[in-house]
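Residue numbers count from 1 along this sequence. None of these values were measured; they are calculated from a predicted model.
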Amino acid sequence: MERTSNTVRLSRRTALFLLSIFVTAGIIAGSVYQAMNVPQPSALIHQYWAPVYPEMSIFRYMCGGLVQSVLCLTVLYLFGFFALGQPFGAAVLFYRGFGIGASAAMLYSMFGAKAFLIVLLLVVPKGAAQVIVLLLGVRELCRGSGYTLACWTDTERIDPEQGNFRLYCIKFIVLMIISITISAADAALNLVFAGLS
């Protein structure tokens with residue numbers, strides 16, 4: 001029994017590690033894109049990962065980031081009901097990573113070496129926390145999508161626990177609450193940073 005639980009724990013870690021590769025690829029692509037093209041701040045590209053938007057209040061910045069996070073989690077939730085939903089989870093991870101990379105690169109283009117502290121205080125904590133939430137969301141998407149695929153292809157090997165709709169909904173509600181908390185904490189951190197600078 002203990003050996004089985006260790007195997008499950010290891011497979012979960014492996015899955016999260018593999019999924020994090022898409023985030024890392026997105027961060028690299030976003031950094032390169034921003035450095036080569038030098039686009040102006042855009043909610044579609046930078047996704048409110050960093051305060052790179054001129055003349056925007058911290059409240060609007062927090063709301064924008066919160067909407068982005070909730071929308072991404074909603075997309076993950078919905079694609080969990082589709083048999084071929086896994087690639088969309090990977091795409092969301094890449095997209096969010098792209099925004100982190102582009103935001104960090106824009107801060108460096110705006111502030112030079114001083115941006116290191118800004119990135120360390122304002123981008124890294126929020127990015128790390130939201131990425132963990134996303135990774136957990138994509139993992140749930142993969143489970144739900146795998147269950148749907150099994151219903152279509154191999155009904156004998158269906159795990160009833162994997163298809164627990166109520167539990168699936170609860171997990172995403174919890175992830176959304178965590179995401180809201182992260183956005184509020186990020187806003188408070190930005191207020192403190194703005195007061196100090």
### side-chain contact (heavy atoms from CB on, under 4.5 Å) evaluation trace for L71 with V67
CA-CA 6 Å; L71 277 176; V67 168; 3.9 Å; yes
### Query
Within a reach of under 6.0 Å around OH of Y95, are more than 12 heavy atoms found that belong to other residues, nucleotides or ligands?
yes
## Note on the structure
Separation between CE (M106) and OG (S31), nearest 0.5 Å, reads 12.0 Å
### Task
With the side chain counted from C-beta on, respond yes when F172 and T74 share a heavy-atom pair under 4.5 Å apart, and no when they do not.
no
### Query
Are the side chains of I118 and V123 in touch, meaning some heavy atoms are under 4.5 Å apart?
no
### Query
CG/L121 to CG/D186 distance, rounded to the nearest 0.5 angstrom?
11.0 Å
### Query
Are M62 and V133 connected, step by step, through hydrophobic side chains (Ile, Leu, Val, Met, Phe, Trp, Tyr) whose heavy atoms are closer than 4.5 Å?
no
### Message
Rounded to the nearest 0.5 Å, what separates atom SG in C72 from atom CG in L93?
### Response
9.0 Å
### Message
Hydrophobic clustering (ILVMFWY, side-chain heavy atoms < 4.5 Å, transitive) - are L117 and Y108 grouped together?
### Response
yes
### Message
Taking the ring of F111 and the ring of F116, is the distance between their centroids below 6.0 Å?
### Response
no
### Task
Please test R143 against K171 for side-chain contact (heavy atoms from CB on, under 4.5 Å), starting from the C-alpha separation and ending with a verdict.
CA-CA 12 Å; R143 284 179 183 167; K171 285 180 178 179; 3.4 Å; yes
### Task
First locate atom CG of L18, then atom CZ of R139, and finally report the distance between them rounded to the nearest 0.5 Å.
13.0 Å
### Task
Can you see which heavy atom on A187 is nearest to which on I58, and at what distance?
O-CG2, 3.7 Å
### Message
Please find the pair of heavy atoms, one from C142 and one from Q86, that lie closest to each other, and give the distance.
### Response
SG-CG, 3.8 Å
### Task
Could you pull out the closest heavy-atom pair between V138 and G89, with the gap in Å?
CG2-O, 3.7 Å
### Summary
Closest heavy-atom pair, S179 versus L73, reported as atoms and distance to 0.1 Å, is CB-CD1, 4.0 Å
### Task
Ignoring hydrogens and angles, tell me if any N or O in the side chain of N164 forms a donor-acceptor pair with the backbone of R166 under 3.5 Å.
yes
### Query
For S109 and Q34, what are the C-alpha separation, side-chain angles and deciding distance, and is it a side chain to side chain donor-acceptor pair (under 3.5 Å)?
CA-CA 9 Å; S109 70; Q34 180 68 45; 4.9 Å; no
### Task
Output, in order, the C-alpha distance, side-chain angles, deciding distance and verdict of side-chain contact (heavy atoms from CB on, under 4.5 Å) for F98 and I27.
CA-CA 5 Å; F98 191 94; I27 291 170; over 6 Å; no
### Query
Is there a path from V124 to Y61 through hydrophobic residues (I, L, V, M, F, W, Y) whose side chains come within less than 4.5 Å of each other?
yes
### Message
With a 6.0 Å cut-off (strictly less than), is the heavy-atom count around CG of L120, excluding the residue itself, greater than 12?
### Response
yes
### Query
Mind checking whether F88 and L19 sit in one hydrophobic cluster, side chains of I, L, V, M, F, W, Y counted as touching below 4.5 Å?
yes
### Task
Could you check I21 against T24 for side-chain contact (heavy atoms from CB on, under 4.5 Å), going step by step and ending with a plain yes or no?
CA-CA 5 Å; I21 291 172; T24 306; 5.6 Å; no
### Task
Ignoring hydrogens and angles, tell me if any N or O in the side chain of S145 forms a donor-acceptor pair with the backbone of G80 under 3.5 Å.
no
### Donor-acceptor contact below 3.5 Å, side chain Y53 vs main chain Y48
yes
### Message
Side chains of R96 and Q47 only: does a donor on one sit below 3.5 Å from an acceptor on the other?
### Response
yes
## Note on the structure
In this structure, CD1 of I180 is separated from OG of S69 (nearest 0.5 Å) by 9.5 Å
### Query
In Å and rounded to the nearest 0.5 Å, what is the CG to CG distance from L136 to L16?
6.0 Å
### Task
Kindly indicate whether the side chain of P51, heavy atoms from C-beta on, has any atom under 4.5 Å from the side chain of L122.
yes
### Message
Are I173 and V70 connected into the same hydrophobic cluster when the rule is that any two of I, L, V, M, F, W, Y join if their side-chain heavy atoms are below 4.5 Å apart?
### Response
no
### Minimum-distance pair of heavy atoms, taken over all atoms of S20 and L135
N-CD2, 3.8 Å
### Query
Is the count of non-hydrogen atoms from other residues, nucleotides or ligands lying under 6.0 Å from F81 atom CZ greater than 12?
yes
### Task
Compare all side-chain heavy atoms of Q130 with those of Q68 and state whether any distance is below 4.5 angstrom.
no
### Task
For this output row, return yes or no: ring centroids of Y168 and Y77 closer than 6.0 angstrom.
yes
### Task
Please report the closest heavy-atom contact between V92 and V75, naming both atoms and the distance.
CG2-CG1, 4.0 Å
